[in-house]
Student: 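Handing you this structure, nothing more for now.
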Amino acid sequence: MFSHAAIPVLSALGVQCCPVATAVLTGQTGYPCYHCTDLTAMLPDYIDAWGKNNAHFDAIYSGFLTGAKQISQMLDFIHTSGRTYVSSG
């Protein structure tokens with residue numbers, strides 16, 4: 001389950017947090033009923049914009065990943081950025 005608590009902790013350590021929006025959920029996945037809006041189709045646009053802005057990241061914190069395609073996109077981004085991956089899940 002995704003924990004938003006990590007972002008303030010990382011910020012307090014001097015890390016600028018730029019979350020990767022991967023999905024919008026109506027509630028955590030531990031509930032018997034929830035809805036998930038998958039943002040996989042938007043990830044290439046995010047990554048492209050970061051590249052055009054010459055953004056560099058020391059770590060990547062993705063949170064909830066919706067499936068194999070999204071995992072593949074994130075792994076490609078991690079490999080091309082040459083950075084460390086930090087997951088909340």
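Computed over heavy atoms, backbone and side chain alike; hydrogens, waters and symmetry mates excluded.
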Student: Going by side-chain contact (heavy atoms from CB on, under 4.5 Å), name the residues that satisfy it together with T66, two or more places apart in sequence or in a different chain.
Tutor: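 Only A23, C36, D38, T40, F64, Q70 meet the side-chain contact (heavy atoms from CB on, under 4.5 Å) criterion with T66.
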Student: Suppose we screen for side chain to side chain donor-acceptor pair (under 3.5 Å). Which residues come up paired with D45, at least two apart in sequence or across chains?
Tutor: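 Applying side chain to side chain donor-acceptor pair (under 3.5 Å) to D45 gives none.
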Student: Please name all residues satisfying side-chain contact (heavy atoms from CB on, under 4.5 Å) with L39, sequence neighbours left out, ordered by chain then number.
Tutor: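 Applying side-chain contact (heavy atoms from CB on, under 4.5 Å) to L39 gives A21, V24, T37, M42, Y46.
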Student: Would L75 and Q73 count as a side chain to side chain contact (heavy atoms under 4.5 Å, CB included) here? Give the steps.
Tutor: CA-CA 5 Å; L75 288 173; Q73 287 176 332; over 6 Å; no
Student: Please round to the nearest 0.5 Å and tell me the distance separating atom CG of L43 and atom OG of S72.
Tutor: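 Going from CG on L43 over to OG on S72, the span is 11.0 Å.
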Student: Would you please name every residue forming a side chain to side chain donor-acceptor pair (under 3.5 Å) with N53, sequence neighbours left out?
Tutor: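 Once residues adjacent in sequence are excluded, N53 has no partner under the side chain to side chain donor-acceptor pair (under 3.5 Å) criterion.
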Student: Give a yes or no answer on whether the side chain of T80 reaches the backbone of D76 with a donor-acceptor pair at less than 3.5 Å.
Tutor: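 Checking the backbone N and O of D76 against the side chain of T80, a donor-acceptor pair under 3.5 Å is found.
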Student: Scan for ring-ring contact (aromatic ring centres under 6.0 Å, His included) pairs involving residues 18-40, sequence neighbours excluded, and state none if there are none.
Tutor: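 Every candidate ring-ring contact (aromatic ring centres under 6.0 Å, His included) pair involving residues 18-40 fails, so no pair, neighbours aside, qualifies.
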